[in-house]
Amino acid sequence: MSQPTSVMPPRHLTTPEAARFLSLSTRTLEKHRTYGTGPTYRKIGGRVIYTLADLEAWTARGARTSTSEVTADVVRPAKRHAAVSPAYAKSGGGR
């Protein structure tokens, strides 16, 4: 008999597994991690892992019901942003 999923420990995904889950390339997910624009991750030793809950929460930030909807919460592209990376703002915005 199988156990209910509510008592199962959270499933952890490696970067390639998480990228596949999100339909992104591994490199794009790595860039999101570098720039601080991606989902929450955990570092165990030298390994990076993601939980399904964190991946789903990150994608939920981009949920919209209309193209004209204005919300404060956005999923930013995988690049440096002054609002996210203070070092980027101090360096002149990458110019």
Using a distance-only test with no angle check, is there a side-chain donor-acceptor pair under 3.5 angstrom linking Thr26 and Arg20?
no
Does any part of the side chain of Tyr50, heavy atoms only, come nearer than 4.5 Å to the side chain of Glu17, both counted from C-beta?
no
Between Leu29 and Pro39, is any pair of side-chain heavy atoms under 4.5 Å apart?
yes
Backbone N/O of Ala53 and side chain of Trp58: donor-acceptor pair under 3.5 Å
no
Decide whether Val48 and Leu24 are clustered together by the hydrophobic rule: side chain heavy atoms of Ile, Leu, Val, Met, Phe, Trp, Tyr closer than 4.5 Å, transitively.
yes
Any chance the side chains of His32 and Thr37 put a donor and an acceptor closer than 3.5 Å?
yes
Is the shortest heavy-atom distance from the side chain of Ile49 to the side chain of Leu13 under 4.5 Å?
no
Sorted by chain and residue number, the side chain to side chain contact (heavy atoms under 4.5 Å, CB included) partners of Thr59 (sequence neighbours excluded) come out as Leu22
Going by the rule side chain to side chain donor-acceptor pair (under 3.5 Å), which residues pair with Glu56 if we only count those two or more places apart in sequence or in a different chain?
none
Residue pairs passing the side chain to side chain donor-acceptor pair (under 3.5 Å) test with at least one member in residues 38-47, sequence neighbours excluded, are Arg42-Asp54
